[in-house]
Amino acid sequence: MSRSAHPAGPRHADVLPEGHYSGPPSDLNVLDPKVWAQTVGRDGDGVVTVGGVDVKTLAEQYGTPAYVLDETDFRARARAWRAAFGSDADVFYAGKAFLSRAVVKWLHEEGLNLDVCSGGELATALSAGMPADRIAFHGNNKSVEEIERAVSAGVGRIVLDSFQEIVRVAHVAESLGKRQRVQIRITVGVEAHTHEFIATAHEDQKFGIPLAGGQAAEAVRRALKLDGIELIGIHSHIGSQIFDMSGFEVAAHRVVGLLKDVRDEHGVELPEIDLGGGLGIAYTSDDDPREPHEIAKALTEIVTRECEAARLRTPRISVEPGRAIVGPTAFTLYEVGTIKPLDGLRTYVSVDGGMSDNIRTALYDAEYSVALVSRTSDAEPMLARVVGKHCESGDIVVKDAFLPSDLAPGDLIAVPATGAYCRSMASNYNHVLRPPVVAVADGESRVIVRRETEEDLLRLDVG
Ligand SMILES: *Cc1c(COP(=O)(O)O)cnc(C)c1O
């Protein structure tokens, strides 16, 4: 991402140090609707509210840190994806972004399908009443036990990820007297992240079967011979946090090329194509994601055009957005603790959570924004780094952001766009207790995943 260069030369207090920021915004009290959930705003006293509930009340009632999820926004985004793709396509929400029984229920009600990639995710989906035929099972190393559970439950599809798995799934299904619908996941030699994609050499990874060297064609050949499985299509997932559609363009071209080869060799037109997920969201005001209807239009056009050129019937398309649905719907609410100004550098603002509730900054160098939410302030902006309470100097939540210089212990700050890959990747590092997820809608709040307790920790430690 582009960042303005900082002035060269010695570090004076008035010269900003190197970092990931583009200068202080004109008004720190303004909440950019791009990065905050739909119902977020400030009340008459300047306190941030979501779903009609203010954050001070939420902090008192549920404690901090807490993930606060805007249910209205979640449902609206799920519905927008569903509507954008229409009845000729399927939207599978990628459960790994954030899965809970309430989320499964909302997805079910809004007409979405669900991707799972472990026995635990499958159990969550089934226990919340998602019909099995609307579940897709993913993963590069599904255990035989997981495959048995998925086949027995009657999942709509299993996405095969290796030559060994083709045989494994066919064998399990046959032994259970079933015929399992499957897709084959291929790697098309494209990897996309954020604003760029690279169209070579990205077959060097653990997922999928490479198109290169005829391996994907060989996988299809083997799958078509086995009685236990019914091959319904080809799957491709090219990356994450993607804004630029050109990676999908190349991927669709190559997947359709394989469908054409399959038709020519076997006389079979596979009815489905899955283009995966990875659509980007705004973590900061610098990000400009596309709307679901623009994405749907672009993807549908690409596939239709490629199929016309190959004289194939256009297959049923599916997509698997995770982050794009849940990411923007939640923020993490923290209480400010220790504040440590480092002269000429920045001010370290410690919060009561950290890398245990948001590993993405440490793991991927992810960027986030942050705002003071328990009040407004007209104080000068200060360059801040929001850090956690863990014994690790890489325990950073927001690398560089401006906060008002009158920030004080006890203030509440919130990091937006933490709905995806934060709670789902949360850990107990330092025996810190994982925060709750609080859903808010229409003036009401409720816990959908409760805070961990020391009792929870000690129950696993059998001494
Ligand atoms: C992770 C993943 C997704 C979802 O990715 P997002 O970036 O959350 O949209 C979709 N499909 C597959 C196969 C994945 O592994």
Side-chain angles (χ1 to χ4, degrees), residues 74 77-78 80-82 84-85 89-99 103 107 112-118 121-122 125 134-142 150 155-162 165 182-188 190-197 202 205-209 233-245 247-248 251-252 255 272-283 287 289-292 295-296 298-299 317-330 358-360 363-364 366-367 417-425:
F74 185 100
R77 285 174 196 276
W81 276 87
R82 185 62 284 211
F85 279 87
D90 296 301
V91 180
F92 286 78
Y93 169 80
K96 70 182 196 221
F98 172 63
L99 197 63
V103 161
L107 293 166
L112 275 74
N113 297 359
L114 178 62
D115 272 1
V116 299
C117 63
S118 70
E121 289 183 357
L122 178 63
R134 281 169 52 187
I135 298 175
F137 200 99
H138 278 271
N140 67 301
N141 190 25
K142 307 167 191 80
V155 299
R157 63 177 68 158
I158 293 180
V159 182
L160 303 175
D161 200 82
S162 65
E165 207 174 70
V182 297
Q183 291 188 337
I184 293 175
R185 177 166 175 175
I186 67 168
T187 47
V188 294
V190 166
E191 185 166 280
H193 291 286
T194 307
H195 295 290
E196 32 182 36
F197 81 96
H202 285 90
Q205 56 148 312
K206 71 171 185 170
F207 291 111
I209 298 177
I234 300 296
H235 179 282
S236 153
H237 172 74
I238 57 172
S240 60
Q241 188 58 3
I242 304 167
F243 295 115
D244 175 353
M245 301 304 283
F248 286 105
V255 170
E272 294 192 15
I273 154 172
D274 189 317
L275 293 172
L279 288 315
I281 63 166
Y283 285 102
D287 296 325
R290 300 203 186 187
E291 294 293 322
I295 294 163
L299 291 182
I317 298 173
S318 40
V319 288
E320 307 173 305
R323 183 195 321 264
I325 291 176
V326 72
T329 67
N358 187 347
I359 190 67
R360 294 190 66 258
L363 192 59
Y364 309 123
E367 289 180 31
T418 58
Y421 306 108
C422 287
R423 181 59 180 80
S424 68
M425 287 185 162

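These figures come from a predicted structure and were not determined experimentally. Read the numbers this way: they start at 1 and go in the same order the structure lists the ligands and their atoms.
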### Query
Do side-chain atoms of Asp161 reach the backbone of Phe207 as a donor and acceptor pair under 3.5 angstrom?
no

## Note on the structure
In ligand 1, the atoms that come under 4.0 Å of a heavy atom of His138 are 13 (C)

### Task
Please verify whether a non-hydrogen atom of Tyr421 lies at under 4.0 Å from ligand 1.
yes

### Message
Closer than 4.0 Å to some heavy atom of Arg185 - which atoms of ligand 1 meet that?
### Response
13 (C)

### Task
Output the distance between atom CG (Leu275) and atom CZ (Phe248), rounded to the nearest 0.5 Å.
7.0 Å

### Task
Evaluate whether atom CD of Gln205 has more than 12 neighbouring non-hydrogen atoms of other residues, nucleotides or ligands under 6.0 angstrom away.
yes

## Note on the structure
The answer for which part of Arg323 has a heavy atom under 4.0 Å from ligand 1 is both

### Task
Mark up the atoms of ligand 1 that fall under 4.0 Å of a heavy atom belonging to Gly322, in ascending order.
6 (P), 8 (O), 9 (O)

### Task
Output yes when a side-chain donor or acceptor of Ser236 lies under 3.5 Å from a complementary backbone atom of Ile186, and no otherwise.
no

### Message
With a 4.0 Å cut-off on heavy atoms, is Gly278 in contact with ligand 1?
### Response
yes

### Summary
Atoms of ligand 1 under 4.0 Å from any heavy atom of Gly277, numbered from 1 in the order shown, are 9 (O), 10 (C), 11 (N)

### Side-chain ion pair, Lys96 and Glu121, N-O less than 4.0 Å
no

### Query
Which residue supplies the protein heavy atom nearest to atom 14 (C) of ligand 1, what is that atom called, and how far is it?
Lys96 NZ, 2.8 Å

### Summary
Atoms of ligand 1 under 4.0 Å from any heavy atom of His235, numbered from 1 in the order shown, are 13 (C)

### Task
Could you verify whether a donor N or O on one side chain and an acceptor N or O on the other, from Asp274 and Ser318, lie under 3.5 Å apart?
yes

### Task
Below 4.0 angstrom from a heavy atom of Glu320, which ligand 1 atoms are there? Numbered from 1 as shown, please.
3 (C), 4 (C), 9 (O), 10 (C), 11 (N), 12 (C), 13 (C)

### Summary
Across all chains, not counting sequence neighbours, the side chain to side chain donor-acceptor pair (under 3.5 Å) partners of Thr418 are Thr332

